[in-house]
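In what follows, a structure is listed as structure tokens, so that the remarks can point back to it.
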Number of protein chains: 2
Amino acid sequence: MAAPTLKDVALRAGVSVRTVSNVVNDYVYVADDTRARVQAAIDELGYRPNLLARNLKLGRTKMLALVVPELDVPYFAELARLIIHEARTAGYTVLIDQTDGDERRERELVTEDARGVNFDGVIASPLSLTEEALEGRRASAPVVLLGERLFAAGVDHVAIDNVRAAREATEYLFSLGRRRIAAIGVQHESTGTAKLRTIGFRGAFAAAGAVVDEDLLVEVGHYHREDGAAAMARLLDLPEPPDAVFCFSDLLALGAQRVALARGLSVPEDLAVIGFDDIEDGRYATPTLTTISPDKAVIARSAVRQLIARIDAADEAAEPAQSVQIEAPYRLVVRESTQGRISTGGS
Amino acid sequence: MAAPTLKDVALRAGVSVRTVSNVVNDYVYVADDTRARVQAAIDELGYRPNLLARNLKLGRTKMLALVVPELDVPYFAELARLIIHEARTAGYTVLIDQTDGDERRERELVTEDARGVNFDGVIASPLSLTEEALEGRRASAPVVLLGERLFAAGVDHVAIDNVRAAREATEYLFSLGRRRIAAIGVQHESTGTAKLRTIGFRGAFAAAGAVVDEDLLVEVGHYHREDGAAAMARLLDLPEPPDAVFCFSDLLALGAQRVALARGLSVPEDLAVIGFDDIEDGRYATPTLTTISPDKAVIARSAVRQLIARIDAADEAAEPAQSVQIEAPYRLVVRESTQGRISTGGS
DNA sequence: GCAGCGCTTTGCAACGATGCACCCTAAGCT
DNA sequence: AGCTTAGGGTGCATCGTTGCAAAGCGCTGC
């Protein structure tokens with residue numbers, strides 16, 4: 001009933017525990033017939049090494065933690081999938097933890113839990129993590145953060161250039177001849193993504209010699225569809241509603257677009273909509289969603305590789321080394337929500 | 001540098017290792033001043049119990065594995081989120097594993113890996129797991145499967161009544177006056193969900209005294225948007241295209257709907273569309289998507305509770321007990337894709 | 001005949017925590 | 001005084017695995 005151990009296999013094969021271990025670990029100096037005998041015993045008993053014990057002994061788990069706010073936000077789900085893949089090819093398993101944006105949980109996971117559960121490293125996409133929290137971090141497993149921050153705090157980051165991307169998105173709307181351009185997704189409390197994108201948004205106005213109408217900057221609590229919908233409703237109730245809107249996430253954009261369409265507006269004729277993230281939903285929405293598309297594959301790959309590099313470096317006990325800021329590419333993907341329908345053709 | 005252990009704390013507090021352990025585990029008979037002294041040492045050193053060691057000793061990990069095909073399929077992401085929550089309130093951590101629908105990985109995870117990584121239990125939503133694989137399962141951690149199966153194999157299941165739900169969806173389309181009703185999502189190889197929904201679909205035809213036009217049953221490889229899009233394209237190329245389509249997942253429906261709209265059809269006037277799963281996307285799509293809405297919260301809760309019940313029962317070494325089939329509720333949610341727009345009002 | 005080498009196998013300690021049994025002290029009882 | 005009892009603390013073995021060091025064996029070379 002209980003799972004068989006090395007001892008059980010050893011007994012059955014008539015060898016020592018250590019020899020079974022050697023077989024399991026492909027140690028070179030094992031006689032062929034011994035190996036065969038042991039292997040047979042392993043197969044018969046259905047032996048599988050107990051990773052708990054192995055990890056305890058080895059001091060590493062080959063497990064990475066991925067800390068995200070919400071799994072059912074498609075951007076995180078898509079990213080999670082890529083990260084899991086990337087980690088798997090490197091021989092690591094990924095444990096996902098949801099924080100629901102709770103600062104305490106984020107902090108715990110990044111600063112402490114790693115030692116408890118014994119992850120070899122942590123990849124986190126924090127919503128509200130503060131600088132102090134990171135600095136108070138006890139030396140534990142290496143951490144890579146996803147998403148640019150205004151501060152650096154000596155932690156590795158992987159992100160796109162949010163300021164530039166937001167600016168490009170806004171400039172693109174200007175280039176379409178739009179003038180009353182709104183932004184949905186501002187967060188005054190934020191030190192992260194929201195702030196950077198707001199800076200980029202304002203930068204485009206400055207470059208165009210235009211003045212930002214503060215009424216057109218809508219703050220949201222979250223980046224979900226419903227927040228985008230509520231924000232859009234407010235914008236459309238203004239005396240002078242916008243003719244274009246830059247949403248700081250695709251979910252916001254989808255919610256906003258839904259409300260605009262439900263009110264009988266045409267997108268993009270009456271209102272151009274641009275999102276951020278390039279989630280799959282946007283490619284199948286009607287109209288399809290123009291968006292800033294961060295290269296998620298590169299983000300996932302960079303994050304995993306950088307983390308593993310840190311893990312390996314820790315073994316060699318080299319000097320702490322500088323923190324690394326990795327910039328991932330992105331591109332503007334133009335679709336129907338700004339450009340109108342091109343063809344009515346097939347699939 | 002290295003994480004502090006019980007020994008380090010004991011040394012610092014001037015007590016035995018055992019006493020520190022007692023403090024950590026809230027053992028009653030510890031003098032207040034001793035407890036305070038130990039606690040101080042714990043705080044100063046930043047000690048956290050090593051779960052690996054603890055679990056090795058205790059023989060359980062308080063970890064559940066959740067095995068899903070793809071995390072970026074919203075249905076699974078939404079379900080995962082609920083399951084994680086449910087498990088957390090019960091004191092369990094969930095490790096998610098993606099199989100990409102690979103039968104081998106599914107089998108490994110459900111039948112073997114559990115012992116390796118030492119999960120206390122496994123919740124799996126298998127795509128291609130076969131009956132034999134389950135029967136060959138070595139006694140290991142308890143398993144709860146999500147999704148009804150044609151076979152039972154003595155494993156606990158949680159699912160809605162797929163046959164009845166599919167039948168209701170189809171009958172609803174009949175009730176709208178539609179007659180050329182297509183189905184997207186058939187899978188001839190399948191022994192699972194696809195087959196059950198096909199049965200329900202056919203059942204509605206039988207009840208209506210109608211004959212199924214086999215050309216209107218479209219088989220798909222996966223349940224993604226792109227498969228729905230491709231299937232729809234084929235249907236629309238038929239000499240007599242359908243006037244309604246029942247898609248076996250919301251993603252299929254969204255893909256199908258997209259193609260219909262792109263070809264200039266009106267939904268629902270020219271084509272009524274109904275999906276399955278009630279993912280959030282459908283509530284914000286244009287038109288919003290009518291769908292069968294399984295009660296995901298109940299599914300998550302039932303699965304976690306049933307699994308934990310098994311885990312606890314295993315301790316008491318009672319008799320194996322019968323396998324349990326839990327039926328979760330569902331309902332038909334009517335939205336614009338079958339009913340047309342009701343209001344063009346605000347949010 | 002023996003040192004020395006390469007291959008094969010092994011026993012013991014250790015990773016960090018908890019279960020168990022035991023010891024010690026002081027108080028409460030007969 | 002001698003006993004029990006409750007409270008408070010400890011040492012040792014153990015979970016399943018691997019690192020380390022060494023032992024046994026047969027062979028070669030001198």
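Every chain is numbered from 1, with letters handed out A, B, ... down the list of sequences.
Counting to the nearest Å, the C1' atom of C:dA17 and the CZ atom of B:Arg48 are 15 Å from each other. As rounded to whole Å, 12 Å separates atom P of C:dC20 from atom OH of B:Tyr27. To the nearest angstrom, P of D:dC15 lies 16 Å from CG of B:Asn55. If you take CG of A:Leu58 and P of C:dG16, they are 12 Å apart, rounded to a whole angstrom. In this structure, B:Lys7 atom NZ and D:dC12 atom C1' are separated by 14 Å, rounded to whole Å. Following rounding to the nearest Å, B:Leu6 (CG) and C:dC15 (P) show an atom-to-atom distance of 13 Å. Atoms CG (B:Leu51) and P (C:dC15) sit 18 Å apart, rounded to a whole Å. A straight line from CG of A:Leu56 to P of D:dC15 spans 14 Å, rounded to a whole angstrom.
Between A:Met63 and A:Tyr92 the shortest heavy-atom distance is N-CD2, 3.9 Å.
Of all nucleotides listed (D:dG9, C:dA17, D:dT17), D:dG9 comes nearest to the side chain of B:Ala31. In the set D:dG8, C:dA13, C:dG16, D:dG8 carries the atom at the smallest distance from any side-chain atom of B:Tyr29. Looking at the side chain of A:Arg54, the nearest of the listed nucleotides D:dT18, D:dC15, C:dA17 is D:dT18. Taking every side-chain heavy atom of A:Thr5 into account, D:dG16 is the closest of C:dT18, C:dT8, D:dG16.
With a 6.0 Å radius and a threshold of 12 heavy atoms from other residues, nucleotides or ligands, A:Asp33 has its CG atom above the threshold.
Under the 4.0 Å criterion applied to side-chain N and carboxylate O atoms, B:Arg88 and A:Asp97 are assigned as salt-bridge partners. Between B:Arg81 and A:Asp100, at least one side-chain nitrogen of the basic residue sits less than 4.0 Å from a carboxylate oxygen of the acidic one, meeting the salt-bridge criterion.
An OP1 or OP2 oxygen of D:dG9 is reached within less than 4.0 angstrom by a side-chain nitrogen or oxygen of B:Thr34.
For the 3.5 Å distance criterion, the side chains of B:Asn22 and B:Arg18 qualify, holding a donor opposite an acceptor.
Counting distance only, with no hydrogens placed and no angle test, the side-chain atoms of A:Lys57 and the base atoms of D:dT17 include no donor-acceptor pair under 3.5 Å.
For the segment residues 10-22 of chain B, the set of residues with a heavy atom within less than 4.0 Å of an atom of DNA chain C comprises B:Arg18, B:Ser21, in numerical order.
Under the side-chain contact (heavy atoms from CB on, under 4.5 Å) rule, B:Pro4 has a single partner from B:Asn50, B:Leu45, B:Ile42, B:Leu11, which is B:Leu45.
Within the 4.5 Å cutoff, no side-chain heavy atoms of B:Arg305 are placed close to those of B:Ile326.
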